[in-house]
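Reading through the structure tokens given below for one structure.
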Amino acid sequence: MGRRFVSATVLWPRTLAMPPLEEVEARLQGREVIAVGRRGKYLLMHLDDGQTLVAHLRMTGRLSIVAADSPLLEDKHTRAWFGLAGGDALVFNDSRKFGRIWLAERLEDVVGKLGPEPLAWDLTPEDSARIRRRKVAVKALLLDQTVVAGVGNIYADESLFRAGIHPLRKASTLTDAEAGRLYDALREVLNEAIQKRGTLLRDYRTPYGEDGYFQNDLRVYGKVGMPCPRCGEPIERIRVTQRSTHFCPKCQKELIED
DNA sequence: ATATCTGCCTGCTCGC
DNA sequence: TGCGAGCAGGCAGATA
């Protein structure tokens, strides 16, 4: 916060989702960051004229502020960087090239379709009814950013395990009790993960380059064949709408026996 | 409206 | 040791 942009450089054109680079250069020139925030998985830098510089890291993206002569500017995975008044640079580094940056006049154009924030979710009866009519697998529902914002594959699997719900259950078949347990489990998992500063898997680092620690608390994600921490049954992996999905076949029954 | 699939990408792991 | 295949996954866009 408090820094001003003086230039914009894009090395991998697709990184810049909108608008064209010439326009970014003109509209960003001299603008000051007055606040930073987040919506779902989108990072927000609010500027002093109402615009928002938005970044999505996807899988491997990293944002950092470095000195203007930092070797990171020459790194082969650096996709874009923004010169800051005073000589530093805000660098977007992303080996997989999935990450995206927007300069939005209206933030809603970028994040308008996102569902509610799970940790600040005042679930209305209308929301609840609409969601619970859906016939998709509940795992797919958790990953749908228009239903609830910010949940990715790891925390979806962990939430379903803690709630004792099979990932293939159709959302429309969940009982009130199950829906309530899932809602609680999701918030619990996210709060714990935030407290542990995230999950170190392959690429993730905190904004300060440190590792997160939630990987030590994962109960099913990536644990294929290992004993369930609750019942000892081997954890299984299946695919649900093209996503690798981990669960305990004993604690998370697809069909409830009577 | 809803549900599902494909393409985008590179680095890493695995098996031969 | 070298090499290719397979895998990881968030989202846009296409298709059913």
Side-chain angles (χ1 to χ4, degrees), chain A residues 10-20 38-44 54-63 72 75-80 91-102 104 107-118 126-160 167-174 186 189-190 193 198-205 211-212 214-215 218 220-226 235-247:
Chain A
V10 174
L11 300 140
W12 180 256
R14 295 184 62 134
T15 296
L16 186 58
M18 274 191 66
R38 174 191 69 74
R39 179 75 172 92
K41 301 171 191 172
Y42 295 76
L43 308 180
L44 314 177
V54 183
H56 195 307
L57 305 180
R58 297 279 182 99
M59 303 304 300
T60 54
R62 294 183 197 184
L63 274 177
L72 188 59
D75 185 274
K76 67 172 180 170
H77 295 137
T78 289
R79 308 303 177 197
V91 180
F92 186 74
N93 188 275
D94 179 24
S95 64
R96 296 275 286 282
K97 299 179 175 172
F98 276 18
R100 293 289 180 269
I101 293 172
W102 299 255
L107 180 56
E108 287 303 288
D109 292 345
V110 182
V111 300
K113 289 181 178 160
L114 291 177
E117 290 289 327
E126 294 76 37
D127 281 343
S128 178
R130 185 171 42 82
I131 292 167
R132 296 193 42 202
R133 257 184 269 121
R134 300 279 299 269
K135 290 179 170 46
V136 277
V138 61
K139 165 73 184 281
L141 196 77
L142 285 174
L143 293 179
D144 184 340
Q145 303 297 300
T146 68
V147 168
V148 52
V151 181
N153 205 36
I154 296 174
Y155 301 135
D157 284 1
E158 292 297 315
S159 300
L160 287 166
L168 282 174
R169 287 281 301 284
K170 305 286 185 199
S172 57
T173 71
L174 294 185
L186 172 61
V189 164
L190 293 176
T199 302
L200 167 67
L201 280 180
R202 296 178 285 274
D203 308 303
Y204 178 76
R205 297 293 182 282
D211 297 343
F214 193 72
Q215 67 277 7
L218 296 177
V220 289
Y221 185 87
K223 307 286 187 186
V224 189
M226 295 170 71
I235 299 301
E236 292 183 8
R237 176 169 59 202
I238 57 175
R239 295 196 83 81
V240 180
T241 57
Q242 311 300 103
R243 288 284 162 264
S244 167
T245 299
H246 314 71
F247 71 106

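A, B, ... follow the sequence lines: proteins, then strands. Residue 1 opens every chain. Computed over heavy atoms, backbone and side chain alike; hydrogens, waters and symmetry mates excluded.
A:Arg134 pairs by the salt bridge (charged side-chain N to carboxylate O under 4.0 Å, His left out) definition with A:Asp144, not counting sequence neighbours. Residues passing the salt bridge (charged side-chain N to carboxylate O under 4.0 Å, His left out) test with A:Arg38, sequence neighbours excluded: A:Glu117. By the salt bridge (charged side-chain N to carboxylate O under 4.0 Å, His left out) test, A:Glu108 is found to be paired with no residue, residues two or more places apart in sequence or in another chain being considered. Checked against ring pair (Phe, Tyr, Trp, His ring centres under 6.0 Å), A:Phe92 has no partners two or more places apart in sequence or in another chain. In terms of the ring pair (Phe, Tyr, Trp, His ring centres under 6.0 Å) criterion, residue partners of A:His56 (sequence neighbours excluded) are, by chain and number, A:Tyr42. With sequence neighbours excluded, the residues satisfying side chain to side chain donor-acceptor pair (under 3.5 Å) with A:Thr245 are A:Lys139. Here A:Arg58 pairs with nothing under the salt bridge (charged side-chain N to carboxylate O under 4.0 Å, His left out) rule; sequence neighbours left out.
Taking every side-chain heavy atom of A:Val136 into account, B:dA3 is the closest of C:dC11, B:dC5, B:dA3. Distance from the side chain of A:Asn153 is smallest for C:dG10 among the nucleotides C:dA8, C:dG10, B:dC5.
What separates CD1 of A:Ile131 from C1' of B:dT2 is a distance of 15 Å, to the nearest Å. One atom, CG of A:Leu143, and another, P of C:dC11, lie 9 Å apart when rounded to the nearest Å. Counting to the nearest Å, the P atom of B:dA1 and the NZ atom of A:Lys113 are 11 Å from each other. Remark: C1' of C:dA12 and CE of A:Met18 are 14 Å apart, rounded to the nearest angstrom.
Side-chain contact between A:Asn93 and A:His77: present, with at least one pair of heavy atoms (C-beta onward) separated by less than 4.5 Å.
End-to-end axis angle for the helix from B:dT2-C:dA16 to B:dC16-C:dG2, using five pairs per end and rounding to 10°, comes out at 50°.
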Its contact letters, B for base, S for sugar-phosphate only and - for none at protein heavy atoms under 4.0 Å, make nucleotides 7-14 of chain B read -BBBS---

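At the heavy-atom level, A:Arg133 lies nowhere under 4.0 Å from the strands shown. Backbone-only engagement by A:Arg239 is indicated by non-hydrogen atom pairs under 4.0 Å involving sugar-phosphate atoms exclusively.
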Begin with the C-alpha distance, continue with both residues' side-chain angles, and end with the deciding distance and a verdict on side chain to side chain contact (heavy atoms under 4.5 Å, CB included) for A:Arg79 and A:Arg14.
CA-CA 9 Å; A:Arg79 308 303 177 197; A:Arg14 295 184 62 134; over 6 Å; no

